[in-house]
Amino acid sequence: MINHHLYEEAACQRTEASVRASESPTNSVEGIVSSIHRGPIHNTFRILAGRRFNLRVKLPINDVRCFAVGQAVVAMIPAKAVRLEAGLFRRSRQRLNRWYGRVMLVTSDRNGHLITAKIHGERWSLTSASPVVGSVPRVQTWDAVSIVIDPHRIELACCHGSSSVKRETFFQTRPVYQ
């Protein structure tokens, strides 16, 4: 199972070598690093965080933390980084994380509206503090949305202790057809 937590008090934002708190809520997603691509400008990590859910995270090349394939991590996604778009048929650049889902909850906060959307085919949801792009003025529960997250706005942290993501499912062998 995936643990999804919404931390009201602090969200992590990337700075040069430290993490600082802000007022925005944060979505926390546990997963396992499935691949790493080291590029000239940034490192791209693909995180397996569900049955069909892959999350791309891009960190600067000068980030001193070391992550390895098969390592349990926690991806912290600020609610302001989660963008919701009305409808299911939007296209975007390949560099963005994009999934389909439905609005599950619309609440008001002291800073504005918080919209919780469930990702199709997964057992968890993400919370957004941004307005829904391309929608009628009022978003309602059960509206279909595209959930978009920029990989540069996600922060990674090591998951110490036992992860709720099963490492066996990541390392199991796949059948080879000849």
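Nothing fancy with the numbering, it's 1 onward along the sequence.
- The cluster map of Ile, Leu, Val, Met, Phe, Trp and Tyr, joined by side-chain heavy atoms under 4.5 Å apart, puts V69 and I154 in the same cluster.
- The distance from the CD1 atom of I32 to the CD atom of Q71 is 10.0 Å, given to the nearest 0.5 Å.
- The backbone N or O of V133 sits nowhere less than 3.5 Å from a side-chain atom of R83 that would complete a donor-acceptor pair.
- Judged purely by atom type and a 3.5 angstrom limit, S146 uses its side chain to pair as donor or acceptor with the backbone of G87.
- For S125 against A117, the heavy-atom pair with the smallest separation is CB-O, 3.1 Å.
- In this structure, the ring-ring contact (aromatic ring centres under 6.0 Å, His included) partners of F53, at least two apart in sequence or on a different chain, are W99, W124.
- We find the OG1-CD1 distance between T127 and I115 to be 10.0 Å, quoted to the nearest 0.5 Å.
- Contacts of I61 classified as side chain to side chain contact (heavy atoms under 4.5 Å, CB included), with partners at least two apart in sequence or in another chain: N43.
- H113 is listed as a side-chain neighbour of S108, based on a closest heavy-atom distance under 4.5 Å.
- Rounded to the nearest 0.5 Å, atoms NZ (K58) and CG (N97) are 9.0 Å apart.
- Of the inter-residue distances, the one linking T44 atom OG1 with R38 atom CZ reads 10.5 Å to the nearest 0.5 angstrom.
- Contacts of A157 classified as side chain to side chain contact (heavy atoms under 4.5 Å, CB included), with partners at least two apart in sequence or in another chain: M76.
- Within the structure, the ring pair (Phe, Tyr, Trp, His ring centres under 6.0 Å) test picks out the following pairs touching residues 63-82 (sequence neighbours left out): F45-F67.
- Residues H42 and H152 have side chains in contact (heavy-atom distance under 4.5 Å, counting atoms from C-beta outward).
- Checking side-chain atoms of S34 against main-chain N and O of R46 turns up a donor-acceptor pair under 3.5 Å.
- A donor-acceptor pair is defined here as one N or O able to donate and one able to accept, closer than 3.5 Å; such a pair exists between the side chain of S128 and the backbone of V82.
- Residues P25 and L114 have side chains in contact (heavy-atom distance under 4.5 Å, counting atoms from C-beta outward).
- Linking ILVMFWY side-chain heavy atoms closer than 4.5 Å, directly or via other members, places I36 and L59 in a single hydrophobic cluster.
- Other members of the hydrophobic cluster containing W142, listed by chain and number, are M104; membership follows side-chain contacts under 4.5 Å among ILVMFWY residues, whether direct or relayed.
- Rounding to the nearest 0.5 Å gives a distance of 11.5 Å between CD1 of I77 and CG of D150.
- Between V132 and A86, the closest heavy-atom pair is CG1-N, 3.7 Å.
- R56 places no side-chain N or O within 3.5 Å of a backbone atom of I47 that could act as its donor or acceptor partner.
- Cluster partners of I41 are absent, since no Ile, Leu, Val, Met, Phe, Trp or Tyr has side-chain heavy atoms less than 4.5 Å from it.
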Practice prompt. Tell me, with the steps shown, if K118 and R123 meet side-chain contact (heavy atoms from CB on, under 4.5 Å).
Written response: CA-CA 8 Å; K118 181 185 176 297; R123 294 185 179 186; 5.9 Å; no
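- A donor-acceptor contact shorter than 3.5 Å links the side chain of D143 to the backbone of Q140.
- Taking the side chain as every heavy atom from C-beta outward, V103 and T116 never approach each other to under 4.5 Å.
- Considering V73, L126, V74 in turn, L126 is the only one that fulfils the side-chain contact (heavy atoms from CB on, under 4.5 Å) rule with V29.
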